[in-house]
Amino acid sequence: MSLQASNRPTESEAQVDLLESFRALYRIRHFERLVKREFEQGNIPGFTHLYLGQEAVAVAACAHLDERDYLVSNHRGHGHALARGCDLVAIFAEILGRAGGLCKGKGGSMHLADAVRGFLGCNGIVGAGAPLAVGAALTAKRRGEGGVSVAFLGDGASNEGVVFESLNLAVVLRLPVVFLFENNQYGEATPARYAVGAESIAERAAGFGLKATRFDGTDYLTAHATLGEIIHYVRESGAPACVEADVVRFEGHYVGDSQRYRSKRDVAAAQAERDPVARLEQLILERGVGEADALAAVRAAVEKEVEGAYLTARRQPFPEPAELFRDIYATDVGGPILPRGRSLGQGEVVP
Amino acid sequence: MKSIREVINEVLHAEMARDEAIVVLGEDVAGGMTTEGAGGFGGAFGFYSGLYERFGSERVIDCPISEASFVGAAVGAAMTGLRPVIDLQFFDFMTVCYDQLANQMAKLRYMTGGQFKLPLVMISLVGAGLRAGAQHSQSLHPPVVALPGLKVVTAADAYDAKGLLSAAIRDDDPVIFLLHKTLLEEKAEVPEEDYQIPFGEARFLAEGDDVTVVATLAMRRKAEAACARLAAEAGIAADLIDPRTLSPLDVEAIAESVEVTGRLLIVDESTPCCGIAQEIASAVAQHCFEWLRAPIRVLSTPFTPVPFSPALEDLYLPTERQIENSVRALLADESASVLR
């Protein structure tokens, strides 16, 4: 099967709608602020990891993806789901464990997924998304429609054996995968400068025989241009590539992380100098694309949208008890088939 | 008469011709890639012979020795519409891709609220007897039987292998398809036509009212011989049951037999802790206690790694004689009759 020629040239800066991009970044920003607020108030169950500080990467990547493409995310995946256009209410409902969630409330914050958007899901196992993306790229290659798959990975995942295996497998089988490493400087509580033995993740990946590049992921236009070029290359060549985005994790590893391992001054400095949302705002003002009141209007509209979606999701019911036993298999059942009249615990909740 | 190895290869040829979505992923499933001899290996046990030549490198995909990546890739491919068949050579290697089995393959359908189907089959070999040492001889089916979301199939003869593999490939769920490495060349009568054996239906190899013997894989073959001798020499009539699919597991068939016989022996090659034999014993004890005339007996391997030395490996594996003796002892045991 041959790859069809793509008629989607890399967009130049002039074609980027900065105000709409700002809206997309700010939607993630406000979403995550709300999740933090509600989690701290005890309204959201489980574990949750925020994407604050990395918003530009997801939005820039998704700007270059279409319905042919697949995405695989990780534990810090709210921003990826939002950027891909997953339904805001359904994302909130999933994080809240409600019946109307993307995954009927069975996944949660770490397992958002949306099949119709080619979003194969966030994943709670660091690095596990890499081979899934390789497999999706195999499907895309067989379809022959120019589709690619993107694996969102972190600096922590970059050290996982299965990620090294996947880089190699993608090169050996020549599959259209983008390994997108968001280096937010920390794997849980350990700095990447300690845990990544090489000078950079991109440099190390290049040794596997991939095209690899690194960019400032806090600058939206840089992110947009670099990811556009890389995704275009993978789409046209059918070969894999690696890209490393330098970003800053504004918050702890999870909501509730006291971050005693990190200097408050460094965090404050990063938030002042390397905030992708503030930087894009500044650019919009400098270029005269919009005035301060236009930005304020976007912010107000997004906040209303996000807060409204959250309240809608909160009103949803929890899954009914029978959902415990659904979706384990597509056909038949597994597990023990017990004697007639003596079934216990299969398809029913023991009182 | 055909061997297990022959029918596996035939089913793969037939199914791949029938459905273009089927791809094979594994080490050496073609062999010799980049050389003039490409495709000349056909897998470590010949299951994939001729597939590369017939279906090409886009469907018969030789992977580097990196199980975690290609098993994970098969999961991703299954989620997006392909129907992968994975070759894992020895099931001992499940340990290097257990995240892909346990956290990905088994759970992604459930975690996503049923948004994805995962139609894939992993073919692999279990079992001792070939002096292959402790890392190529284990029977590690219990860790996958324990995972909701997976189906686990065993085939001890060519008839079962053909019908079960065909059903596995057509199934929309992930199936772990296990064969015993000492049985690959064993021949059996196999119908020419295409057929599928439904999952969750145990097979009765012999029928009798005296005792119920449940046995899997190579132990089933030994139990067949033992039960034939018991019938001929002592007139002991056994229900000999091969569950075939370990998940779903047909406890119902075993229970119906135990209701008649009141005596149960289970023979399986996995370790004596947390194994399939213990699972069956537990189910029967919980649900059929009042039917038992004697305590359930389990004949499994000892709680040791599989030894290499032929002298020790022969000691390690349950024998036909031990099965016979266990049946005789079970029949002589009246200790539970007071319950009746």
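So you know, we letter chains A, B, ... as the sequences are listed, proteins then strands, and number each from 1. Quick caveat, the model's predicted, so the values are computed rather than measured.
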Taking every heavy-atom pair that is under 4.5 Å apart, which of Asp99(B), Val75(B), Thr245(B) has the most such pairs with chain A? Asp99(B)
Identify which one of Arg59(B), Arg170(B), Arg83(B) satisfies the salt bridge (charged side-chain N to carboxylate O under 4.0 Å, His left out) criterion when paired with Glu15(B). Arg170(B)
Is Val284(B) in contact with chain A via its backbone, its side chain, both, or neither, using a 4.5 Å heavy-atom distance? neither
Give, as side chain, backbone, both or neither, the part of Leu118(B) having an atom under 4.5 angstrom from any heavy atom of chain A. neither
Arg235(A) vs Asp69(A), test: salt bridge (charged side-chain N to carboxylate O under 4.0 Å, His left out). Steps then yes/no. CA-CA 10 Å; Arg235(A) 208 183 283 293; Asp69(A) 302 325; 2.8 Å; yes
Most contact-rich option vs chain A, by heavy-atom pairs under 4.5 angstrom, among Cys63(B), Gly114(B), Ala77(B), is Ala77(B)
Using non-hydrogen atoms only, which part of Glu67(B) is less than 4.5 Å away from chain A: side chain, backbone, both, or neither? backbone
For Val234(A), run the side chain to side chain contact (heavy atoms under 4.5 Å, CB included) check against Ser149(A), Pro176(A), Pro240(A) and tell me which one passes. Pro176(A)
Going from CD1 on Ile254(B) to CZ on Phe204(B), what distance comes out if it is rounded to the nearest 0.5 angstrom? 8.0 Å
With a 4.5 angstrom heavy-atom cut-off, is it the side chain or the backbone of Ile61(B) that approaches chain A, or both, or neither? side chain
Find the distance between SG (Cys97(B)) and CE (Met105(B)) and round it off to the nearest 0.5 Å. 7.0 Å
Who passes salt bridge (Lys or Arg N to Asp or Glu O under 4.0 Å) against Arg54(B), sequence neighbours left out? none
From NE2 (His141(B)) to CD1 (Ile276(B)), nearest 0.5 Å: 6.5 Å
Measure the acute angle between the ring planes of Tyr254(A) and His49(A), then classify it against the limits of 30° and 60° as parallel, tilted or perpendicular. perpendicular
Toward chain B: residues of residues 101-128 of chain A with heavy atoms under 4.5 Å: Leu102(A), Cys103(A), Lys104(A), Lys106(A), Gly107(A), His111(A), Ala113(A), Asp114(A), Ala115(A), Phe119(A), Leu120(A), Asn123(A), Ile125(A), Ala128(A)
Interface residues of residues 71-89 of chain A facing chain B - heavy atom cut-off under 4.5 Å: none
Check: Phe93(B) and Ile65(B) side chains under 4.5 Å, non-hydrogen atoms: no
At a 4.5 Å cut-off on heavy atoms, which part of Asn103(B) comes close to chain A: side chain, backbone, both, or neither? side chain
Name the option with the most non-hydrogen atom pairs under 4.5 Å to chain A; the candidates are Pro148(B), Gly76(B), Pro198(B), Ala21(B). Gly76(B)
Using every non-hydrogen atom in the two residues, find where Glu323(A) and Tyr110(B) come nearest and quote the distance to one decimal. O-OH, 3.9 Å
Most heavy-atom pairs under 4.5 angstrom with chain B, which of Leu173(A), Leu175(A), Ile328(A)? Ile328(A)
Any side-chain heavy-atom pair of Leu164(B) and Phe199(B) under 4.5 Å: yes
Tell me, yes or no, whether the heavy-atom count around Asp209(B) atom CG, taken from other residues, nucleotides or ligands under 6.0 Å, exceeds 12. no
Non-neighbouring partners of Leu96(A) that pass side-chain contact (heavy atoms from CB on, under 4.5 Å), sequence neighbours left out: Ile44(A), Arg98(A), Tyr310(A), Ala313(A), Arg314(A)
Between Phe70(B) and Asp87(B), the two heavy atoms sitting closest are CE1-O, 3.8 Å
